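Structure first, then comments.
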Amino acid sequence: MTSATATSLLKSLEKGETTSEEIVKGLLDRVDRLRRLNVFVHLDPDRTLASAREADRRRKQGEPLGTLAGVPVAIKDVLCVDGEPTTCGSRMLKDFRPPYDATVITRLKGAGAILFGKTNMDEFAMGSSTENSAYGPTLNPWDEARIPGGSSGGSAAAVAADLAPLSLGSDTGGSIRQPAAVCGIVGLKPTYGRVSRYGLIAFASSLDQIGPFAHDLADTALVLKVLAGRDPRDSTSVDTPVPDYTATLDTPPESLRIGVAREFFGEGLDPEVEAAVREAIRVYEEAGASIKEVSLPTSKVGVAAYYIVAPAECSSNLARYDGTIYGHRAEDFSPKYPGEEEIAPLVRMMMVSRAEGFGAEVKRRIMLGTFALSAGYADQFYNQALKVRRLIRNDFDRAFKDVDVILGPTSPTAAFRLGERTDDPLAMYLSDIYTITANLAGIPGVSIPCGLTKSGLPIGLQLLAPAFAEEMLLRTARVFERATDWHLKRPGLV
Ligand code: GLN
């Protein structure tokens, strides 16, 4: 039962073959057995069981049921849940309990879903391995010596390890797609504006987007339908119709024009990953797709532009954590070094609170961003990066005149070893070389399982589409899923 997809759980619930309580009990047992993976930072079994029983009661009494009635969904700890700890992987928010729900949480609750724990993540969503969490790293369910990807590593591992059939993540530069790839599951980053970000703890507001993790595309479509749509509380959410992604999923798109971007097959791409992606291209050809090489010339400076824009926005967003209103407040901020007594106590309190509350990577980003925005440098760095961002979007617009989707690897390598890149920020940043451009351009992208390395590690295939073309994107991805069985593979966990 724990390895079932949400779609099949819903069928079993409907037929009365199981109850939500039974499903939740099964998962709680499994979470207990697999504690070593460090997937959850918070999970309240009593509360979770109570909402499962409530879902069962509603079903039994014939009350109206939502799309996800009785189905557990794990939540990345970057999303505010009313009254529940929401740490964002940081010491800074160790004791923070938001007084409200994020809009996606309201929508999940409205659809009858059971909130199943808060998952581990890189601090403030900065990272590609979940090693930047203040609560220790999450382990990859396929190989416990390896990273689950990041920053939504806990949410990806939760689904991959069958600790929850569904989960939510956030993606600023790849944080849904890259962990989905290295954990062998599906991860979707919707178009910027497709899903409300109200209640998502901000990292880089012009890039952040919330999306689902699932075992397959049917489940992904189901969740997207629940999450998508305009929200008056997020002015960047767009009021365009939300299609019934589930209804059309199994109808292949009339035109299947697939672009292969030359730039996604360059230096640093692992040969086994490349081979799996080339094989995926062959599968599409066999399914009748026309394949065309396209070029995204500006993508080679995508990572560079991202590491100006994202830190710039984060340095501003994270200014709010200063110990005054909420978050960690230093107890001892008495002067320790010569000259410190000159600094006002309030300012010292803020300085020490931030020094104690933030981890190394967050501090690095705040410093990078503050520098890139500072007088005299803003033109050279921040404004320049914005121009590059425009060119990246132009590249995609040009390419999408000739093709419907662009295909390539999600991540240049399979899961790397824990500790392998922690001392080399640049190597870590390069994990997102293929995912970052979609965030800069605001377009949707999905990662689906497309193979295993010789040593049994999952490989992800990334498909990108024009803004708000999620329906076509999912249908195109589904063509591959139908033709292969990579989405059915599970890690041999005991
Ligand atoms: N790995 C990238 C970063 O550290 C992307 C993170 C994300 O998408 N949240 O910024």
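Both counts, for ligands and for their atoms, begin at 1 and track the order of listing. All values derive from a computational prediction rather than experimental measurement.
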For Y307, the option from Y429, F381, F371 that meets ring pair (Phe, Tyr, Trp, His ring centres under 6.0 Å): Y429
Considering only heavy atoms of S128, which atoms of ligand 1 have at least one such atom less than 4.0 Å away? 1 (N)
Around atom CZ of R233, are there more than 12 heavy atoms of other residues, nucleotides or ligands at under 6.0 Å? no
Hey, is CD on E267 packed in by over 12 heavy atoms from elsewhere, all under 6.0 Å? no
Compare every heavy atom of A221 with every heavy atom of Y245, then report the nearest pair and how far apart it is. CB-CB, 3.7 Å
Taking only heavy atoms of F203, which atoms of ligand 1 are found under 4.0 Å from at least one of them? 9 (N), 10 (O)
Contacts of type ring pair (Phe, Tyr, Trp, His ring centres under 6.0 Å), residue F358, not counting sequence neighbours: F124
4.0 Å heavy-atom contact, E361 with ligand 1: no
Atoms of ligand 1 less than 4.0 Å from A125 heavy atoms? 6 (C), 7 (C), 9 (N)
for atom 10 (O) of ligand 1, nearest protein heavy atom and its distance come out as Y306 OH, 2.6 Å
Would R421 count as a cation-pi partner of F416, with NZ or CZ less than 6.0 Å from the six-membered ring centre and within 45° of the ring normal? yes
Are any of the side-chain heavy atoms of Y306 and T172 separated by less than 4.5 Å? yes
Residue selection (non-hydrogen contact nearest atom 4 (O) of ligand 1) among Q209, R365, E123: R365
How far is atom 3 (C) of ligand 1 from its nearest protein heavy atom, and which residue and atom name does that atom have? Y307 OH, 3.3 Å
In terms of side-chain geometry, is the basic nitrogen of K300 or E263 positioned less than 4.0 Å from the acidic oxygen of its partner? no
Is the shortest distance from a Lys or Arg side-chain nitrogen in K118 or E84 to a carboxylate oxygen in the other one below 4.0 Å? no
Judging by distance only, is a nitrogen or oxygen of T172 under 3.5 angstrom from one on ligand 1? yes
Using non-hydrogen atoms of the residue, decide whether A310 is closer than 4.0 angstrom to ligand 1. no
Nearest to atom 1 (N) of ligand 1, what protein heavy atom do you find, and at what distance? D432 OD2, 2.4 Å
List the steps, then state whether ring pair (Phe, Tyr, Trp, His ring centres under 6.0 Å) holds for Y382 with Y377. CA-CA 8 Å; Y382 183 66; Y377 290 111; over 10 Å; no
Return a yes/no value for G150: is any of its N or O atoms, backbone included, closer than 3.5 angstrom to an N or O of ligand 1? no
Contacting atoms of ligand 1, where contact means under 4.0 angstrom from a heavy atom of S151: 9 (N)
If we number the atoms of ligand 1 from 1 as shown, the ones under 4.0 Å from a heavy atom of M126 are 4 (O)
Between the candidates S431, S175, G149, which shows the shortest non-hydrogen contact distance to atom 8 (O) of ligand 1? S175
Give the numbers and elements of all ligand 1 atoms closer than 4.0 Å to a heavy atom of D171. 8 (O)
Of all the heavy atoms in Y429, does at least one lie under 4.0 Å from an atom in ligand 1? no
